[in-house]
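Here is the structure we will look at.
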Amino acid sequence: MAKICALRIIQWRYMPHFLLIFVQTTFSFLYFITEAAFNHGLNPHVYVTYRYILGGLLILPFAYFLESRKVRPKMTFILFLELFVLSLLGASLTLNMYFASLKYTSPTFITSMTNAIPCMTFLFAIILRLEVVDVKNPRGVAKILGTLLSLAGALILTFYKGSKVPSLHGAPFHIKTNPVQKKWVEGSFLLAASCVTWSLWFIMQVYTLKRYPAQLSLTAWINFLGAAQSAVFTLFLQLKPEAWAIKFDIKLICIVYAGVVICAITVFVQLWCTKKKGPVFVTMFGPLSTILVAILAYFLFGEELRIGSMLGGAIAIVGLYLLLLGKEGDRDQVNSQENSFPTYEEEKVPQMQMDTSAGREAGLKDLEK
């Protein structure tokens, strides 16, 4: 029995780790499915709009029936404005720039550049005092070294190509390269801007979750507001009506996968992990997606690898574990401090016990009389 309880405690303690590994795995498959859909004519802005509509419709029943009105705070104009900005940063604006850059570049380049998100989030967290760095403490040194190594890995992945590793001719799948992927400058600019807004989104989650703790309802709001914002942006571009037509092909599969797995399940998981562990912890699992994409690109899709990609990915992963080590030490310190101080209920227990024992003694004296 004790072993079962200990196992459950360990599983619960490392549940955010397991969930974020699952998130990065789903993202890795998303890049290749999305690239294939874009090559078959799917418009990135239409894609973002449809995926958030589907994600919102999927999560809405769970939010309505599983979360009571006591959990969902009363909607005010200020709160709605905050949710609107949160959806803009984490859904419509960020994703439209992000997937437009994928159309101009490649999945490997995308995942390489997004390794800068943890560094940006960490810097924003320090500025807003969500993170404390003590250079005299080993945990603080681990945070700084982990951030620098992650940034160094991202820079190596981006600017150092190195020699080619021949692709596997017997790979089961091959994705045809789109000619517009030669626009690396435009794609890099859009991707850098999306990384900044994405980092701000993780930071803003911390404040929004305090005022709106209903995570399922918040996920539904992000999906529906993001879909509405993306739809307005897409209509502003004056696309042809044919761009909205989706047939039963890779485009539909891509939209369904993104709406169900990414917009509904993944967004809720990230919100839960942000509330439990903080925004920096969530973003530091990004380098795992880089490694997974490189492996899938080589063994499944027959793409060429570069020495720079493997070297940069390895350095980024080392930085990941260093920062996680520093974050884990922070959590242990916080838990020890919380356990050293009794709660309000615990402070009342001795007094209640004294009152009860005093009452029993008074009752015995009355019986003796």
Side-chain angles (χ1 to χ4, degrees), residues 23 27 30-31 34-35 37-38 42-56 59 77-105 107 109-111 113-121 123-125 127-128 183 185-209 212 218-239 243-244 254-255 258-259 262-264 266-268 270-271 274 279 282-283 286 289:
V23 167
F27 278 144
L30 174 70
Y31 294 124
T34 304
E35 185 187 23
F38 286 170
L42 179 62
N43 182 274
H45 311 299
V46 173
Y47 163 63
V48 173
T49 304
Y50 276 150
R51 60 178 272 174
Y52 277 115
I53 291 176
L54 181 59
I59 205 70
F77 176 76
I78 299 298
L79 182 57
F80 178 80
L81 184 62
E82 182 175 350
L83 297 182
F84 184 88
V85 176
L86 182 67
S87 303
L88 186 68
L89 293 176
S92 59
L93 178 62
T94 299
L95 268 295
N96 274 286
M97 293 188 297
Y98 185 79
F99 286 109
S101 66
L102 176 61
K103 188 175 181 180
Y104 295 144
T105 56
F109 182 79
I110 286 283
T111 55
M113 284 290 291
T114 51
N115 287 323
I117 293 178
C119 306
M120 295 179 184
T121 307
L123 293 176
F124 287 138
I127 294 173
L128 298 174
K183 299 181 180 180
V185 177
E186 293 87 343
S188 300
F189 177 78
L190 290 172
L191 182 57
S194 68
C195 289
V196 174
T197 56
W198 215 334
S199 301
L200 293 173
W201 181 62
F202 284 109
I203 294 295
M204 190 174 178
Q205 286 181 25
V206 178
Y207 300 97
T208 305
L209 284 169
Y212 201 96
L218 181 58
T219 305
W221 274 109
I222 291 174
N223 277 273
F224 283 124
L225 288 176
Q229 294 165 352
S230 181
V232 172
F233 178 74
T234 306
L235 293 175
F236 179 77
L237 295 177
Q238 297 180 353
L239 296 178
W244 295 92
C254 179
I255 292 173
I262 305 300
C263 294
T266 297
V267 171
F268 172 74
Q270 286 183 324
L271 288 173
T274 299
V282 174
T283 58
S289 179

[X] [atom1] to [Y] [atom2] distance, which is reported to the nearest 0.5 Å:
X	Y	atom1	atom2	value
F99	L42	CZ	CG	10.0 Å
M204	T197	CE	OG1	12.5 Å
I117	S194	CD1	OG	6.5 Å
F124	W201	CZ	CH2	15.5 Å
E82	Y212	CD	OH	11.5 Å
N223	F268	CG	CZ	12.5 Å

[X] side chain near [Y] side chain, heavy-atom distance below 4.5 Å:
X	Y	answer
M97	F189	no
T34	R51	no
P44	F38	yes
C254	Y47	yes
F27	T266	yes

If you take all heavy atoms of [X] and [Y], which pair is closest and at what distance?
X	Y	answer
Y52	A91	OH-CA, 3.4 Å
L225	S87	CB-OG, 3.4 Å
L30	A258	CD1-CB, 4.0 Å
T219	A264	CG2-O, 3.9 Å
Y31	S289	CE1-OG, 3.5 Å
L54	G259	CD2-CA, 4.1 Å

Is there a donor-acceptor pair closer than 3.5 Å between any side-chain N or O of [X] and the backbone N or O of [Y]?
X	Y	value
Y50	W244	yes
S230	G226	no
S101	Y98	yes
Q205	L86	no

Parallel, tilted or perpendicular: ring planes of W198 versus F202, cut at 30 and 60 degrees: parallel

Matching residue for L83 among I222, L218, L88 - test: side chain to side chain contact (heavy atoms under 4.5 Å, CB included): L218

With I203, the side chain to side chain contact (heavy atoms under 4.5 Å, CB included) member among L89, I127, T274, T121: T121

V48 vs F233, side-chain contact (heavy atoms from CB on, under 4.5 Å): CA-CA, chis, key distance, verdict: CA-CA 11 Å; V48 173; F233 178 74; over 6 Å; no

